[in-house]
J.: 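Take a look at this one; I'll ask things after.
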There are 4 protein chains.
Amino acid sequence: MPETTGVRQQQARRTRAAVLAAAAAVFVDQGVQAPVRDIAERAGVGVGTVYRHFPTRADLVTAVYRHQIDTCAALAPRLLEESASPYSALTCWVDAFVEFLVTKHGLGAALGAGDPGLENLHALMLDTLVPACASLLEACVAADEVGPDLTAYTLMRAIGNLCITGPDYDRSDARNMVATLLVGCRRAAA
Amino acid sequence: MPETTGVRQQQARRTRAAVLAAAAAVFVDQGVQAPVRDIAERAGVGVGTVYRHFPTRADLVTAVYRHQIDTCAALAPRLLEESASPYSALTCWVDAFVEFLVTKHGLGAALGAGDPGLENLHALMLDTLVPACASLLEACVAADEVGPDLTAYTLMRAIGNLCITGPDYDRSDARNMVATLLVGCRRAAA
Amino acid sequence: MPETTGVRQQQARRTRAAVLAAAAAVFVDQGVQAPVRDIAERAGVGVGTVYRHFPTRADLVTAVYRHQIDTCAALAPRLLEESASPYSALTCWVDAFVEFLVTKHGLGAALGAGDPGLENLHALMLDTLVPACASLLEACVAADEVGPDLTAYTLMRAIGNLCITGPDYDRSDARNMVATLLVGCRRAAA
Amino acid sequence: MPETTGVRQQQARRTRAAVLAAAAAVFVDQGVQAPVRDIAERAGVGVGTVYRHFPTRADLVTAVYRHQIDTCAALAPRLLEESASPYSALTCWVDAFVEFLVTKHGLGAALGAGDPGLENLHALMLDTLVPACASLLEACVAADEVGPDLTAYTLMRAIGNLCITGPDYDRSDARNMVATLLVGCRRAAA
DNA sequence: TATGAATGAGAGTTCATTCAT
DNA sequence: GATGAATGAACTCTCATTCAT
């Protein structure tokens, strides 16, 4: 007699949520390479529990960022409708993507470095964000605001890389450089 | 009266060169964080030998890249003289900088991540490449080809980040994105 | 609601005890500077387990000797009550202290040499044994059995040093020399 | 045609002397366990040279202290003649022995710990100092100033141990404790 | 399910010792 | 004889991962 959500399941879900929250916090502090133990401690659970819910580090990283990724992706069609031009929509969307990235200490670096074990997250971004970005990019191309030779994936990788911040290159620098990159993408008005 | 370059010194120099070559190769394969042991093995020497020649990892990384860095820096004044415009000189120089970077697996990532223990290399680049880049940038600003709000350091960091390559974002992508960034920097002709 | 002493805790405690026993044994054989790996092997555990229970070598050394130190310290007040004279109490207590020391191969030497990383143990002895010794010494001074110019700490260091045994200077020699030292401390009866 | 002392031999002797002097200095600073390289550097020679002259560390330690040991031993008969009583001669001689020891950072500890590889020095002291001390002790026993149950070797080991100094137990403490020990050895006047 | 004790591979680093020149 | 570059064993410590309870 499987209850839809037994007490056990509820507890498990709560534990899972606690781990996710802890991981998110620790990732901000120490980056996505933080020791598993630190995450477990922050969540108030044993390391085994972390592994039960997220067998690989990538699973954890992916889960932590999935919600934000989905939100970011969902933004694209809305912006396309509401904005004055496709390019303006792209600009707004990229701003949101950058906001997502610059608060993720080390994520960009890990992705950029092709960190093995982050393929899942990579795949998630491919599946979710790339299409979102591509829809905007295609609209720009259709409107002749951006040249046709740029793939959404490459653009996102470039943006992701530009968002790798450090002591002497902060979020504001990252935002400026991404904005500059977009300006460079813009087709010179005929 | 020790000869200026005895057989021993020559041998030591050869060993040093072997370690450097091995380090360069290992850095390409595994990145600048590769275990010292791997470098020693590749060079066919004991770990102690690596430590003798390069007490810290930063010493090794710095030595591996110093020559190329110097060459790159020396390029700037020549380009400024020979090129049709400052912006064109900047473009050429950045191409050379990108060539340097894209062949250095993991270097950009390590620098971008603010890797402790790479301060030496960071400092070397600051001391050597930033002035070179700055001279070109200033000329561009003076010629009103580039806006005045961009520092050479920030530009180089951005370029460095864009050169972090991976399986799906290769050197060619990096080159394109850097070129696009430079286009974005270019002041719209009045 | 975790039981006060679950099976796991019991097992951990047993492991801890095994490590302590192994450490004690290895210390006797090789001295307190013995490699951590040797202790782990002797205990039949991994090195990580040793580090889990005793993060620093000093923690281990201290734990190994804490019980005996406490017992020794607790002896002082009782002896003071039961003995015919303070000096006699001091003699008995020093006998106990010597017994503690002569069975600790290398401990005296390590303490004597001011081994860094043994500050904890040093502090423990200072906090625990020195007051115990001082109480006896003060009683002796009050009874005019010992001169006032000797501190408990110095006396204990001297005793500790005299208990550094070796092939040709055994426990019995150490006991004799300590006894002789105490005789030398005794004030000549008026 | 072997010259008595060719240029080569002279040079070798000078080198040997330089190593000895350097070793003595380094031993004072860092103790007898100091790295061989430090000694070689201080002497301005290569490590190989140190090994050539002193194949084992014990050889070096022994050589460093041989002269002082001989001087100390030679003191005994003179003191016996000049002093008012055998016990007084013993006291003076022990003072000299203590002076020798307290300036030898770590020597006492190394000897006390039965450091393997210091057997040579141990043997040297046995052969040289023990007889010297024994002659004084025997005279004391003959004069009924000291009991017959103490061997010179044991006394010297005890004194050696008492001279292991540290941050909180300095040379002055060592001297006091040795003096106290000697008082304890003195036979109560009949 | 949750736990966290236990494991052990792996990385950094030091330094005694050898040996070709 | 002198040199010092080279070697590699030995040691410390960290942390991902497993598994018995």
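Convention: sequence-line order gives letters A, B, ...; per-chain numbering from 1. Because only heavy atoms are used, hydrogens play no part in the values below, and waters and symmetry mates are left out as well, while side chains stay in.
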J.: Starting at atom CZ of A:Arg16, determine the distance to atom C1' of E:dT3, rounded to an integer number of angstrom.
T.: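 In whole Å, E:dT3 C1' and A:Arg16 CZ are 19 Å from each other.
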J.: Does the side chain of A:His53 get closer than 4.0 angstrom to OP1 or OP2 of E:dT1 through an N or O atom?
T.: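 No, A:His53 has no side-chain N/O under 4.0 Å of OP1/OP2 on E:dT1.
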J.: So, D:Arg13 and D:Gln10: side-chain donor and acceptor under 3.5 Å apart, yes or no?
T.: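 Distance-only check fails for D:Arg13 and D:Gln10.
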J.: State the pairing partner of E:dT21; accept Watson-Crick or G-U wobble contacts with both distances under 3.5 Å, and report none otherwise.
T.: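 E:dT21 is paired, partner F:dA2.
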J.: In whole angstrom, give the distance that lies between atom CG of B:Asp59 and atom C1' of E:dT13.
T.: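 Whole-Å distance recorded here is 14 Å.
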J.: Compare the minimum distances between each of E:dA16, F:dA6, E:dG12 and the side chain of D:Tyr51, then state the nucleotide with the smallest one.
T.: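 When the side chain of D:Tyr51 is considered, E:dA16 is the closest of E:dA16, F:dA6, E:dG12.
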J.: Would you please confirm or rule out a distance under 4.0 Å between OP1 or OP2 of F:dG1 and any side-chain N or O of D:Thr15?
T.: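 For D:Thr15, the contact criterion (side-chain N or O under 4.0 Å from OP1 or OP2 of F:dG1) is not met.
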J.: How long is the line joining CZ of D:Phe54 and P of E:dT18, in whole Å?
T.: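 So the CZ-P distance, D:Phe54 to E:dT18, works out to 17 Å.
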J.: Do you know the tightest heavy-atom contact between C:Leu60 and C:Phe54?
T.: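 The pair with the smallest heavy-atom distance is CD1-CD1, 3.5 Å.
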J.: Find the distance D:Gln10:CD to F:dA2:C1' and express it as a whole number of Å.
T.: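 Value for this atom pair: 17 Å.
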J.: Please tell me which of the listed nucleotides, E:dT1, E:dA6, F:dC13, lies nearest to the side chain of A:Ala12?
T.: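 Among the listed nucleotides, the one closest to the side chain of A:Ala12 is E:dT1.
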J.: Mapping D:Val47 and A:Pro35 to their closest nucleotides on DNA chain F, which lands nearer the 5' end?
T.: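 Looking at the nearest nucleotide for each, D:Val47 comes out on the 5' side.
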J.: According to the Watson-Crick and G-U wobble definitions, with both distances under 3.5 Å, which nucleotide is paired to F:dA9?
T.: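 Here F:dA9 is engaged in a pair, and the nucleotide opposite it is E:dT14.
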J.: Verify the distance criterion only: is there a donor paired with an acceptor across the side chains of D:Thr62 and D:Asp59 at less than 3.5 Å?
T.: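 Short answer, no.
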J.: By nearest heavy atom, map A:Gly44 and C:Val45 onto DNA chain E; which one lands nearer the 5' end?
T.: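 Looking at DNA chain E, the more 5' nearest nucleotide goes with A:Gly44.
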J.: Tell me the interatomic distance from A:Glu41, atom CD, to E:dA2, atom P, rounded to whole angstroms.
T.: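 Roughly 18 Å, once rounded to whole Å.
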J.: Would you please say whether a donor-acceptor pair under 3.5 Å links the side chains of B:Gln11 and B:Arg8?
T.: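 No donor-acceptor contact under 3.5 Å links the two side chains.
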J.: Between the base of F:dT3 and the side chain of B:Arg8, is one N or O donor paired with an acceptor at under 3.5 angstrom?
T.: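 Flag set: donor-acceptor pair detected.
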J.: Under the 3.5 angstrom rule, does the side chain of A:Arg42 hit a backbone N or O of A:Ala21 as a donor-acceptor pair?
T.: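 No, A:Arg42 side chain to A:Ala21 backbone: no donor-acceptor pair under 3.5 Å.
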J.: Which base, if any, makes a Watson-Crick or G-U wobble pair with E:dA9, both distances under 3.5 Å?
T.: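 Because both required distances fall under 3.5 Å, E:dA9 counts as paired with F:dT14.
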J.: Please figure out whether D:Gly48 or B:Val36 has its closest DNA chain E nucleotide nearer the 5' end.
T.: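 Its nearest nucleotide lies further toward 5', so the answer is B:Val36.
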J.: Return the value, rounded to whole Å, for the distance between atom CZ of C:Arg57 and atom C1' of F:dC13.
T.: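 Taking CZ of C:Arg57 and C1' of F:dC13, I get 12 Å after rounding.
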J.: Whole angstrom is fine here: how far is it from CZ in A:Arg52 over to P in F:dA20?
T.: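 Taking CZ of A:Arg52 and P of F:dA20, I get 14 Å after rounding.
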J.: I'd like to know if C:Arg37 reaches the base of F:dT12 with its side chain such that a donor and an acceptor end up less than 3.5 angstrom apart.
T.: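 For C:Arg37, whose side chain was compared with the base of F:dT12, there is a donor-acceptor pair (under 3.5 Å).
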J.: Send over the distance from C:Ile39 CD1 to F:dT12 P, rounded to a whole Å.
T.: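 Distance check: C:Ile39 CD1 to F:dT12 P gives 8 Å.
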